[in-house]
Amino acid sequence: MKQLLVLNGPNLNRLGVREPDVYGNATLKDLEAMIQSFAERTGNKIECRQSNHEGVLIDWIHEADKTARGIVLNPGAFTHYSYAIRDAIASVSVPVVEVHISNVHTREPFRHHSVISPVTSGQIVGLGLHGYELALQALLEIKKEE
Ligand code: DHK
């Protein structure tokens, strides 16, 4: 069975030290451990990757079209302006669920708009790290429904 992929974009390697009042105290390692525990509990193979580079994320999205059954994507600030990531998602048929740890709608106006959401299966916002588990669960359900 194809794996699920969790992609974290720019600055998410700074979780735990970055604005803890907004993103919490857990690190990227803690998040990835939580995801691996979800993988074991649900009997799925899940790979986690993080990059600060737009092109790297785009290459991973393209590659996932062949290798993954779903992608959970937190594009970081690329959410708000990367037409290139938006187009990469539009170019693949693998379902993508967008996740934001913080509630972007209660933050600065530039964070209220996502150029990514129109090409995703759905978006989970403001539920902290738990949002990743909800997104993975949603991808498992999407596959069941098809
Ligand atoms: C993460 C980021 O890095 C920000 O640029 C987004 C998002 C919000 C999050 O909440 O996970 O605006």
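In listed order, ligands and their atoms are each counted from 1.
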Does ligand 1 have a heavy atom under 4.0 Å from the side chain of [X], from its backbone, from both, or from neither?
X    : result
I101 : both
V104 : side chain
R18  : side chain
N74  : side chain

Problem - Interfacing atoms of ligand 1 (cut-off 4.0 Å, heavy-atom, H80) - result: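 Per the distance check, 6 (C), 12 (O).
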Practice task
Check each atom of ligand 1 against the heavy atoms of A77 and keep those under 4.0 Å away; list them by number with element.
Solution key: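 Ligand 1 atoms under the 4.0 Å threshold to A77: 3 (O), 4 (C), 5 (O).
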Exercise for the section: Answer yes or no: is there a side-chain heavy-atom contact under 4.5 Å between L31 and M34? Expected result: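 L31 vs M34: side chains touch.
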Handout entry: S82 versus R86, side-chain donor and acceptor atoms under 3.5 Å
Key =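 Side chains of R86 and S82: no pair found under 3.5 Å.
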Problem - Test item: side-chain donor near acceptor, E98 and T79, under 3.5 Å - result: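 Absent: no donor and acceptor within the cut-off.
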Practice task
Quick one: sort the F110 and H80 rings into parallel, tilted or perpendicular, breaks at 30° and 60°.
Solution key: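 Perpendicular.
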Exercise for the section: Please check if atom CZ in R14 has more than 12 non-hydrogen atoms from other residues, nucleotides or ligands closer than 6.0 Å. Expected result: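 Result for CZ/R14: open.
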Practice task
Look at atom NZ of K2 and say whether more than 12 heavy atoms of other residues, nucleotides or ligands are closer to it than 6.0 Å.
Solution key: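 Count over threshold, so yes.
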Problem - Shared hydrophobic cluster, I116 / L127 (ILVMFWY, side-chain heavy atoms < 4.5 Å) - result: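 No, separate clusters.
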Exercise for the section: Determine, using heavy atoms of Y23 and all atoms of ligand 1, whether some pair is separated by less than 4.0 Å. Expected result: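 The answer is yes: ligand 1 sits under 4.0 Å from a heavy atom of Y23.
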Problem - Proximity winner for atom 7 (C) of ligand 1, if only heavy atoms of E19, R14, E108, H100 are counted - result: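 Considering heavy atoms of E19, R14, E108, H100, the nearest to atom 7 (C) of ligand 1 sits in H100.
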Exercise for the section: Answer yes or no: does an N/O atom from S102 fall short of 3.5 Å to an N/O atom of ligand 1? Expected result: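 In this structure, S102 places an N or O atom under 3.5 Å from an N or O of ligand 1.
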Practice task
Consider every N or O of R111 and every N or O of ligand 1, then say whether any pair is closer than 3.5 Å.
Solution key: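 Yes, since at least one N or O of R111 sits under 3.5 Å from an N or O of ligand 1.
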